[in-house]
Amino acid sequence: QVQLVESGGGLVQAGGSLRLSCVASGRTFSGYGMGWFRQAPGKEREFVAAVTWNGVSTYYADSVKGRFTISRDNAKNTVYLQMNSLKPGDTAVYYCAAAPGYSDYVPYFEEYDYWGQGTQVIVSS
């Protein structure tokens, strides 16, 4: 079992930056692929970014590619989402998720077993 707590959300103007953090506790953090998802009002939850257990491989949604960067620090049990050049369309609640295993590939959606409570990001125009 692993518990995830997101932080770093807030209000930012379009073109600005935010860095989200997700701190994990419980089982060994290095044994999980990690992902970020977001959900805007009235819309379904969508994939944002993912990273493998060792941080070697990453994958991004087309909508954020080139603007967002996912990374992890296993010594600190933390995964990050650096968000640059933010747009009003990025406004959403951002969720951290964990998928057990030591896969060489980022997890499929069905493999995420643990989710955080989310942190709100609002981008004003």
Side-chain angles (χ1 to χ4, degrees):
Q1 186 70 33
V2 62
Q3 294 78 47
L4 306 173
V5 180
E6 304 96 333
S7 63
L11 176 64
V12 64
Q13 291 184 328
S17 298
L18 283 174
R19 189 180 75 160
L20 306 183
S21 298
C22 174
V23 179
S25 62
R27 299 293 180 90
T28 303
F29 181 66
S30 62
Y32 297 86
M34 301 295 296
W36 285 97
F37 295 77
R38 66 187 183 186
Q39 187 167 21
K43 297 184 178 180
E44 295 184 351
R45 189 170 299 186
E46 65 175 347
F47 168 78
V48 175
V51 60
T52 55
W53 68 275
N54 57 4
V56 171
S57 297
T58 59
Y59 188 73
Y60 299 91
D62 289 341
S63 60
V64 306
K65 190 175 299 182
R67 299 188 298 120
F68 291 10
T69 302
I70 188 172
S71 62
R72 67 190 297 162
D73 187 339
N74 287 350
K76 297 181 178 179
N77 296 326
T78 303
V79 62
Y80 304 96
L81 184 68
Q82 178 67 47
M83 306 186 295
N84 298 326
S85 302
L86 283 163
K87 306 174 181 179
D90 296 320
T91 296
V93 176
Y94 283 71
Y95 298 91
C96 176
Y102 293 88
S103 176
D104 292 334
Y105 304 95
V106 297
Y108 291 104
F109 175 78
E110 294 79 8
E111 296 178 299
Y112 291 101
D113 289 339
Y114 307 102
W115 296 81
Q117 294 295 308
T119 184
Q120 177 74 62
V121 172
I122 300 176
V123 184
S124 62
S125 61

Gln39 CD: over 12 foreign heavy atoms closer than 6.0 Å: yes
Centroid-centroid distance, Phe68 to Trp36, less than 6.0 Å: no
Salt-bridge present (Lys65, Asp62; N to O < 4.0 Å): yes
Side chain Gln117, main chain Glu6, donor-acceptor under 3.5 Å: no
Donor-acceptor contact present, side-chain Gln120 to main-chain Ala92, <3.5 Å: yes
Minimal non-hydrogen separation, Leu81 against Ala49, with atom names: CD1-CB, 4.2 Å
hydrophobic_cluster_shared for Val2 and Tyr94, side chain cutoff 4.5 Å: yes
Joint cluster assignment, Trp53 & Tyr59, ILVMFWY side-chain distance < 4.5 Å: no
CG on Asp113 to CD on Gln1, rounded to 0.5 Å: 9.0 Å
Plane angle bin for Tyr32 and Tyr114 - parallel if under 30°, tilted between 30 and 60°, otherwise perpendicular: perpendicular
Criterion side-chain contact (heavy atoms from CB on, under 4.5 Å) against Arg38, the qualifying member of Thr91, Val64, Val121, Thr119: Val64
Within 6.0 Å of OH in Tyr60, more than 12 heavy atoms from elsewhere: yes
Single-linkage hydrophobic cluster Leu18~Met34, side-chain heavy atoms < 4.5 angstrom: yes
Distance (rounded to the nearest 0.5 Å) between Lys87 NZ and Ser125 OG: 14.0 Å
Backbone of Gly101 reached by a side-chain donor or acceptor of Ser103 within 3.5 Å: no
Expected output: side-chain Gln82 to main-chain Thr69 donor-acceptor under 3.5 Å: no
Connected via hydrophobic side-chain network under 4.5 Å: Val48 and Leu86: yes
Atom of Val51, atom of Thr58 and distance for their closest heavy-atom approach: CG2-CG2, 3.9 Å
hydrophobic_cluster_shared for Tyr95 and Phe109, side chain cutoff 4.5 Å: yes
From CG (Leu4) to OG1 (Thr78), nearest 0.5 Å: 10.5 Å
Separation of Ser57 OG from Asp104 CG (nearest 0.5 Å): 7.0 Å
Main-chain N/O of Thr52 paired to Arg72 side chain as donor or acceptor, under 3.5 Å: yes
Side chain to side chain, Met83 and Leu20, heavy atoms closer than 4.5 Å: yes
